[in-house]
Protein chains: 2
Amino acid sequence: MVVSRERIVRSAAKMFLTRSYASVGISDLCTAADVHKGSFYHFFASKAELAKAVVDLHAAEFDRRFAEAKGLYAVAGAVADVQGAFEEKFGRIVGCPFGNLAAELSTTDDELRVHVAAVFDRWEKRLVAACEQAPLRDGVEPEQLARMILAQIQGQILIAKVRLRPATEIAAGIRALISANLKEPG
Amino acid sequence: MVVSRERIVRSAAKMFLTRSYASVGISDLCTAADVHKGSFYHFFASKAELAKAVVDLHAAEFDRRFAEAKGLYAVAGAVADVQGAFEEKFGRIVGCPFGNLAAELSTTDDELRVHVAAVFDRWEKRLVAACEQAPLRDGVEPEQLARMILAQIQGQILIAKVRLRPATEIAAGIRALISANLKEPG
DNA sequence: CGCCCTCTTGACTGGTCGGTCAACTAGGTC
DNA sequence: GACCTAGTTGACCGACCAGTCAAGAGGGCG
């Protein structure tokens with residue numbers, strides 16, 4: 001059934017977020033997903049392949065949320081919503097699913113690195129589009145601002161994770177960056 | 001001798017940067033540091049203790065660099081210098097030593113998380129001081145801007161690592177953030 | 001019924017992991 | 001010389017790791 005594969009990916013997504021990639025063993029994972037080892041390797045050639053599938057799962061979820069968000073501030077809101085949902089589910093900020101995996105694996109698993117890079121590229125493109133439609137202050141380039149917003153999102157999330165700060169603080173930082181670059185801070 | 005302990009920490013710092021914490025085994029490490037396992041455990045109670053020592057090593061290096069940097073733009077320059085040095089040494093952006101370890105371990109090793117959080121706190125305090133002496137645009141709070149700069153640094157480094165971009169791009173993002181919040185962009 | 005195919009089961013493997021240990025060396029001190 | 005301490009050596013440990021595999025279950029289809 002499709003169900004088993006999905007259970008595996010969803011369990012992995014949860015466990016990679018609350019622990020880390022390396023600290024989750026295939027056996028742990030199979031127990032959590034109520035699946036046996038052989039089944040796991042029926043669906044995935046390796047643990048690394050699973051990581052890519054987890055990225056795809058999160059990317060699909062993010063795509064859905066971002067499609068609804070119109071305007072720069074809505075992007076900040078979408079990030080805050082997602083992080084807030086994680087916070088509620090896990091009791092703390094657990095980091096960005098992409099950023100976490102990228103930070104841990106991008107030096108050792110180039111395929112995953114490229115996979116995450118593609119997510120960031122798509123994300124940035126959408127930000128550029130939103131920037132182009134916003135009333136930016138003179139001299140502010142949409143591409144430059146989009147990259148700054150993406151970095152701000154990743155940085156705020158990482159710092160909130162390390163400091164155990166609430167998701168609301170993440171959103172505040174992103175909004176402040178946006179308003180600093182608009183003609184009429186809204 | 002003191003030399004052995006130092007060789008271990010320096011090797012670990014290098015290997016954690018170019019690979020990751022989990023992917024470096026104690027045996028790998030001992031080989032690289034030309035030390036035997038027993039010696040390692042003479043100096044460190046566990047691998048986790050080593051991680052803290054590595055953070056301390058990097059923190060000392062950063063403190064030295066930052067002490068010289070006067071003014072907000074100098075901070076951006078200091079970050080660029082450090083990342084540029086890593087880039088030259090390793091042939092690519094390998095990430096922030098603190099951010100990398102924090103991202104990988106802060107959910108599973110609370111002591112390390114606190115250790116890195118302290119580094120960020122000190123770093124931020126210095127940024128606040130620099131912001132207070134800078135001609136900020138009206139309505140910009142030094143504390144808020146300092147947190148944004150810290151997040152921008154971490155985010156830019158992480159994204160550069162994932163995308164394999166040069167260190168110069170990191171500096172550009174940080175400088176753009178600063179100039180967007182100054183009265184007279186320099 | 002027999003055949004195929006997808007999915008499942010769980011025992012198994014070889015290797016690596018972090019960590020332990022008892023024996024040893026080398027200086028310093030009295 | 002006797003003793004202490006700091007550092008070194010490398011064999012050793014049990015646990016766990018990612019990954020394998022042969023056997024089977026069960027549904028669809030002729």
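Throughout, a chain's letter reflects where its sequence line sits, starting with A, and its residues are numbered from 1.
- Put simply, the side chain of B/N181 does not reach to within 4.5 Å of the side chain of B/I149, judged on heavy atoms.
- Regarding B/D28, its CG atom lies at a distance of 16 Å from the P atom of C/dG15, rounded to whole Å.
- You'll find the side chain of A/D56 reaches within 4.5 Å of the side chain of A/H115, heavy atoms only.
- Judged by distance alone, with hydrogens and angles left aside, the side-chain atoms of B/E104 form no donor-acceptor pair with the main-chain N or O of B/S20 at under 3.5 Å.
- Taking atom CG on B/L29 and atom P on C/dG18, their separation rounds to 9 Å, with Å as the unit.
- Each of A/S23 and B/S39 has a nearest nucleotide on DNA chain D; the 5'-most of these lies closest to B/S39.
- If you measure from atom CD of B/E6 to atom C1' of D/dA6, you get 17 Å, rounded to the nearest angstrom.
- In this structure, the side chain of A/S106 does not engage the main chain of A/A103 through any donor-acceptor pair within 3.5 Å.
- Contact annotation for B/G38: base contact, defined as any heavy-atom pair under 4.0 Å involving a base atom.
- Of the candidates C/dT20, D/dG7, C/dT8, the closest approach to any side-chain atom of B/F43 belongs to D/dG7.
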Let me check something: any side-chain donor-acceptor pairs from residues 36-45 of chain B under 3.5 Å, sequence neighbours excluded? List them with distances.
from, atom 1, to, atom 2, distance (Å)
B/K37, NZ, B/S27, OG, 3.3

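- Of the residues in residues 105-114 of chain B, not one comes within less than 4.0 Å of DNA chain D through any heavy atom.
- If you take CD1 of A/I26 and P of D/dT20, they are 11 Å apart, rounded to a whole angstrom.
- Regarding A/F40, its CZ atom lies at a distance of 13 Å from the C1' atom of D/dT20, rounded to whole Å.
- Atoms NZ (A/K37) and C1' (D/dG24) sit 20 Å apart, rounded to a whole Å.
- On a pure distance criterion of 3.5 Å, no polar donor-acceptor pair joins the side chain of A/K47 and the base of D/dG19.
- Regarding contacts with the backbone of C/dT8, every side-chain N or O of A/H36 stays at 4.0 angstrom or more from both OP1 and OP2.
- Contact annotation: A/S27 does not reach the phosphate of D/dA18 (side-chain N/O to OP1 or OP2, under 4.0 Å).
- Phosphate contact (OP1/OP2 of C/dT20, side-chain N/O of B/Y41, threshold under 4.0 Å): absent.
- Put simply, the side chain of B/V55 reaches to within 4.5 Å of the side chain of B/F98, judged on heavy atoms.
- Protein atom CG of B/L50 is 15 Å distant from nucleotide atom P of C/dC17, rounded to whole Å.
- The distance from atom CZ of A/F44 to atom P of D/dT20 is 15 Å, rounded to the nearest whole Å.
- Pairs passing the salt bridge (Lys or Arg N to Asp or Glu O under 4.0 Å) check and including a residue from residues 147-157 of chain A, sequence neighbours excluded, read A/R147-B/E169.
- Comparing C/dT9, D/dG19, D/dG7 by their closest approach to the side chain of B/H42 singles out D/dG7.
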